[in-house]
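These numbers come from the heavy atoms of this one structure, side chains and all, not from hydrogens, waters or symmetry mates.
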Amino acid sequence: MVGEGWGLVYRRVLEEAARLLREAGVEAPRVEAPRNFRYGEASFSVFELARRLGRNPAELARDIAGRIRVGGLISGVEAVGGYINFRVDWRRYASLIVSTILSESERYGSADLGVGKHVLIEHTSVNPNKPLHVGHARNVCLGDTLNRLLTFLGYRVTVLNYIDDSGAQMADVVLGFTELGYSMEPPEGVRFDEYCGDTVYVKVSAMVDEDPGLAEKRRRIAKAIESGEAPYYQINKKVVDRVLGDQLRTCWRIGARYDILNMESDILRLDLWSEVFERLRERGAVYLAEEGAKKGCWLLDLSGHPRLSKEGDEVLVKSDGATTYVARDIAYAAWKLGGVRRDFTYRLWGRNPDGTEILVTDRDGDLRRPIGEVDLSINVIDVRQTRPQEIVRYALKLLGLPHERYIHYGYEVVALSVSDAVKLGYRPRGGEQMVHMSGRRGLYVKADTLLDMLREKAAEETRERHPDWSQEKVESVAEKIAVGALRYALVKPDPDKLIVLDTGEIMRLEGNTGPYLQYSYARACRILEKAETSPSWEVDGDVGEAEKNLLRMLASFPDAVEEAGRNLSPKTLANYAYKLASEFNNFYERVPVLHAPEGVREFRLGVVESFRIVLGNAMRILGIPVLEEM
RNA sequence: GGGCCCGUAGCUCAGCCUGGAUAGAGCAUCGGCCUUCUAAGCCGGGGGUCCCGGGUUCGAAUCCCGGCGGGCCCGCCA
């Protein structure tokens with residue numbers, strides 16, 4: 001559990017109320033925050049107890065409340081219906097909240113939940129033949145937010161990005177470059193990943209679909225790439241390197257960072273599979289089909305699985321001896337959990353914007369980086385991979401590995417609104433509510449395109465508000481607003497819910513959006529900047545309702561972070577941040593700070609500074625850039 | 001046919017894990033607030049069979065079962 005002294009001011013109120021109840025004879029009382037704070041700061045429901053005792057709830061509540069002697073932070077107790085409600089001494093409570101936040105500052109809300117634990121997070125994992133679209137951006141934002149969240153909670157996090165540098169989708173573009181006359185140089189001003197994905201991949205895919213001869217050529221090229229045959233292998237390598245470099249520029253723009261790039265070709269070359277396969281055979285988890293449609297294949301026995309068994313056993317080794325995708329994924333997953341003896345060698349690929357190293361697997365590399373014991377391995381992959389991921393997890397169980405640590409973090413895809421799809425050349429059939437993105441068909445909105453649109457919109461607004469700002473300042477602020485808007489929009493919805501992207505709708509910069517958080521932060525900064533005295537936690541006079549509402553939110557931040565961490569739920573934190581900012585804006589409208597009388601002013605500055613700290617901490621976890629003015 | 005997910009205000013969603021006191025936001029709409037710290041803001045009005053039907057419970061949007069509607073997945077592809 002969370003340790004002592006980490007800003008658990010709020011929980012102290014609940015604990016004190018619980019102690020008072022125990023002293024009044026209630027065993028193990030469950031004290032909670034009331035839904036509505038007009039009932040006080042802590043509340044105990046007696047219904048269950050009343051039933052056990054066969055007593056009238058309202059009467060029992062009055063009885064217990066009558067036996068309670070208040071003290072400490074608790075200043076009042078009251079029975080209302082079947083509830084016992086506790087009020088706090090607001091002057092002490094408010095002072096405690098502000099002093100805690102001011103002293104813990106950027107660590108406020110953190111906890112030792114993850115100290116000594118190691119987590120792998122794999123995200124992004126986009127085929128290196130195209131630029132990132134908005135669906136990929138959802139993956140990046142979720143993965144990177146989990147990284148930031150778990151890091152804040154004390155976990156050691158290693159971020160992986162799996163690069164499928166072989167396979168048919170690579171063969172498509174290599175075919176374009178080698179046989180169909182596409183130049184390796186994009187037109188002036190076009191990024192290589194965009195050229196590769198928007199032009200070469202889409203056009204070649206269409207041609208291959210029409211021409212069986214080309215399909216055959218592509219198959220040969222795919223084989224050539226895998227076996228290292230010139231010139232296909234070299235050309236492919238070059239394409240992968242350049243596209244990957246461009247893709248990571250987009251990821252960095254969004255605010256993500258990586259530790260290790262795992263190349264599919266290196267996973268194959270290291271042959272993790274043979275080691276895992278042997279172990280599966282020893283354990284009787286696989287068998288060779290002697291007859292039927294899958295004769296000659298090695299199958300994973302799924303008969304022991306309650307759901308997967310209904311769909312038949314899974315092919316791991318094809319009759320021609322080649323492994324399937326699921327087989328390779330099982331081997332890779334086993335590596336993540338430390339279940340294989342072999343390990344990769346790496347070389348330095350480059351550095352993240354924060355200066356940390358990014359390693360890439362390389363059979364000729366001289367770096368070793370054993371992953372060691374991991375407590376959790378999180379794979380951010382869209383929901384269409386649910387079944388294969390379940391199979392991988394089950395295979396880990398059959399291998400005797402701690403499969404419960406292997407988490408498929410599934411999320412729904414981002415689809416296009418019909419009107420956006422039409423703009424991209426889609427012909428509507430009529431009646432559909434949305435259109436799925438497709439790289440092959442060129443039906444997608446690039447992450448960078450959307451960010452550029454958002455930046456343009458934000459720049460327009462910013463110029464209007466600040467005619468005196470330089471072009472550079474406007475651009476820099478607009479870019480941060482764009483990133484904030486995108487990250488918030490992709491992380492706030494429940495991962496189980498499909499996002500229908502509408503470029504008209506997502507351009508909104510007001511209401512429940514990322515820029516709302518940024519704006520609230522900037523407002524607080526302006527007050528603090530103009531203040532001529534220092535913030536204080538000494539309360540002078542009464543604490544008003546608007547202040548109480550804000551202070552409550554500030555006090556509950558550690559709980560919000562803990563809940564988000566426990567449930568791997570970034571959206572919990574996004575919702576918290578919105579409510580917090582909302583309470584601040586309400587406070588801002590009705591509580592004067594700089595114009596408040598001396599003494600009162602200093603405490604209110606303390607509240608504003610606390611807000612700035614807490615919202616800043618929340619925004620950093622969400623990867624939403626903070627702005628001191630906008 | 002089987003499996004997974006979703007269904008809450010006109011639209012987009014939060015709340016569901018861990019049942020509790022009048023079901024909350026944003027957008028849209030109508031009305032109000034800039035001579036006081038940034039109006040990308042704030043306040044107020046209207047708007048709800050929480051998909052339907054059972055069950056559990058003192059109490060169900062929340063838990064269980066069964067329907068209905070929508071999305072996805074079920075290849076010797078990756």
Side-chain angles (χ1 to χ4, degrees), chain A residues 30 32 34-36 38-39 43 45 47-48 50-51 57 80-83 85 127 164 166-170 222 264 289 293-299 306-308 310-312 315-326 328-329 382-388 390 410 412-413 415 433-434 436 458 461-462 464-466 481 492-500 502 505 508-513 515-516 518-520 522-531 563 566-567 569 571-572 574-575 578-579 581-582 584-596 604-605 608 629-630:
Chain A
R30 223 178 84 193
E32 290 175 318
R35 171 186 290 254
N36 186 323
R38 71 177 176 180
Y39 297 114
S43 170
S45 164
F47 290 98
E48 203 186 320
R51 193 168 59 85
V80 180
Y83 294 88
N85 298 324
N127 289 336
D164 191 352
S166 40
Q169 75 287 347
M170 292 313 301
E264 164 75 9
K294 293 179 179 170
K295 185 176 174 197
C297 297
W298 281 90
L299 303 179
R307 284 190 306 275
L308 296 172
K310 296 184 179 182
E311 290 172 16
V315 175
L316 297 184
V317 182
K318 303 186 241 178
S319 54
D320 67 0
T323 53
T324 62
Y325 165 77
V326 170
R328 299 203 285 266
D329 223 24
D382 80 53
V383 73
R384 292 171 299 190
Q385 298 291 325
T386 303
R387 189 188 121 87
E390 264 179 26
E412 264 290 357
V413 298
Q433 302 295 305
M434 47 87 178
H436 283 291
E461 295 274 328
T462 307
E464 214 168 280
R465 277 157 227 266
H466 305 281
I481 292 172
K492 190 187 63 137
D494 192 296
D496 284 336
K497 278 172 179 158
L498 185 88
I499 295 178
V500 179
D502 187 286
E505 172 66 17
R508 236 184 54 236
L509 303 177
E510 89 262 331
N512 192 347
T513 64
Y516 179 86
Q518 293 171 314
Y519 182 69
S520 310
R523 276 181 139 185
C525 287
R526 297 294 281 175
I527 295 178
L528 295 164
E529 183 192 299
K530 290 183 177 173
E563 189 189 335
R566 191 165 30 84
N567 296 334
S569 175
K571 72 163 180 168
T572 300
N575 288 323
Y578 176 72
K579 276 189 227 149
S582 181
F584 173 74
N585 283 314
N586 184 277
F587 165 89
Y588 184 95
E589 294 291 332
R590 55 192 70 205
V591 183
V593 178
L594 298 178
H595 301 281
R604 287 184 183 163
L605 282 169
V608 174
E629 22 177 8
M630 70 180 272

Set out, in order, the CA-CA distance, both residues' side-chain angles and the distance that settles side-chain contact (heavy atoms from CB on, under 4.5 Å) for Glu461(A) and Leu509(A), then state yes or no.
CA-CA 9 Å; Glu461(A) 295 274 328; Leu509(A) 303 177; 4.3 Å; yes
Would you indicate what [X] reaches in the nucleic acid, counting non-hydrogen atoms under 4.0 angstrom: base, sugar-phosphate, or nothing?
X	result
Arg384(A)	sugar-phosphate
Tyr39(A)	base
Glu563(A)	base
Ala522(A)	base
Thr513(A)	nothing
Leu498(A)	sugar-phosphate
His466(A)	nothing
Arg566(A)	base
Ser43(A)	base
Gln385(A)	base
Pro57(A)	nothing
Asn585(A)	sugar-phosphate
Leu528(A)	nothing
Gln518(A)	nothing

Can you measure [X] atom [atom1] to [N] atom [atom2] for me and round it to whole angstrom units?
X	N	atom1	atom2	value
Asn512(A)	A25(B)	CG	P	12 Å
Asp320(A)	C77(B)	CG	P	8 Å
Glu510(A)	A25(B)	CD	P	18 Å
Asn586(A)	G41(B)	CG	C1'	11 Å
Lys492(A)	U12(B)	NZ	P	13 Å

It should be established whether [X] places a side-chain nitrogen or oxygen under 4.0 Å from OP1 or OP2 of nucleotide [N].
X	N	value
Tyr516(A)	C42(B)	yes
Lys294(A)	G75(B)	no
Arg526(A)	C37(B)	no
Lys530(A)	U38(B)	yes
Arg590(A)	C42(B)	no
Lys571(A)	G15(B)	yes
Asn127(A)	A78(B)	no

Distance-only side-chain donor-acceptor flag, Asn585(A) / Tyr516(A), under 3.5 Å
yes
Taking the same atom, [atom1], in [N] and in [M], what whole-Å distance lies between them?
N	M	atom1	answer
U12(B)	G48(B)	C1'	16 Å
A23(B)	C5(B)	P	29 Å
C51(B)	C11(B)	P	13 Å
C77(B)	U49(B)	C1'	47 Å
C64(B)	G7(B)	P	14 Å
C42(B)	G59(B)	C1'	37 Å
C6(B)	G47(B)	P	31 Å
C52(B)	G69(B)	C1'	11 Å

Do Arg523(A) and Tyr588(A) meet the cation-pi criteria used here (NZ or CZ under 6.0 Å from the six-membered ring centre, within 45° of the axis)?
yes
For [X], is the [atom1] atom crowded, meaning more than 12 foreign heavy atoms sit under 6.0 Å from it?
X	atom1	result
Arg566(A)	CZ	yes
Gln433(A)	CD	no
Glu464(A)	CD	no

Is there a donor-acceptor contact under 3.5 Å from the side chain of [X] to the main chain of [Y]?
X	Y	answer
Asn567(A)	Ser569(A)	no
Thr324(A)	Val315(A)	yes
Arg328(A)	Thr323(A)	yes
Ser582(A)	Tyr578(A)	no
Arg604(A)	Pro592(A)	yes

Could you tell me the Watson-Crick or G-U partner of A25(B), where both distances fall under 3.5 Å? Say none if there is no partner.
U12(B)
Can you tell me the pairing partner of C4(B) across any strand shown, Watson-Crick or G-U wobble, with both distances under 3.5 angstrom?
G71(B)
Mind telling me whether C34(B) is syn or anti, cutoff 90° either side of 0?
syn
According to a cutoff of under 5.5 Å between the ring centres and under 30° between the ring planes, does [X] stack with the base of [N]?
X	N	result
Tyr588(A)	G41(B)	no
Phe47(A)	G20(B)	yes
Tyr83(A)	G20(B)	no

What N/O pairs connect the protein and nucleotides 63-66 of chain B at under 3.5 Å? Give each pair on its own line.
none

Beyond-backbone contact of Asp164(A) with Gln169(A), side-chain heavy atoms, under 4.5 angstrom:
yes
The test is side-chain contact (heavy atoms from CB on, under 4.5 Å); show your working for Asp382(A) and Glu412(A) and say whether it passes.
CA-CA 6 Å; Asp382(A) 80 53; Glu412(A) 264 290 357; over 6 Å; no
Nearest-nucleotide comparison on RNA chain B, the residue closer to the 5′ end among Pro515(A) and Ala168(A)
Pro515(A)
When you look at Glu311(A) and Arg387(A), which way does the side-chain contact (heavy atoms from CB on, under 4.5 Å) test go after all the steps?
CA-CA 10 Å; Glu311(A) 290 172 16; Arg387(A) 189 188 121 87; 2.6 Å; yes
Counting heavy atoms from C-beta on, name the nucleotide in A39(B), A21(B), A78(B) closest to the side chain of Arg35(A).
A21(B)
When you get a sec, tell me which of A21(B), G41(B), C76(B) is the closest nucleotide to the side chain of Arg523(A)?
G41(B)
Do any N or O atoms of the protein come closer than 3.5 Å to N or O atoms of nucleotides 1-10 of chain B, and which pairs are they?
from  : atom 1 : to        : atom 2 : distance (Å)
G2(B) : N2     : Glu311(A) : OE2    : 2.9
G3(B) : OP1    : Lys310(A) : NZ     : 3.4
C5(B) : O2'    : Asp496(A) : O      : 3.4
G7(B) : OP1    : Lys497(A) : NZ     : 3.1

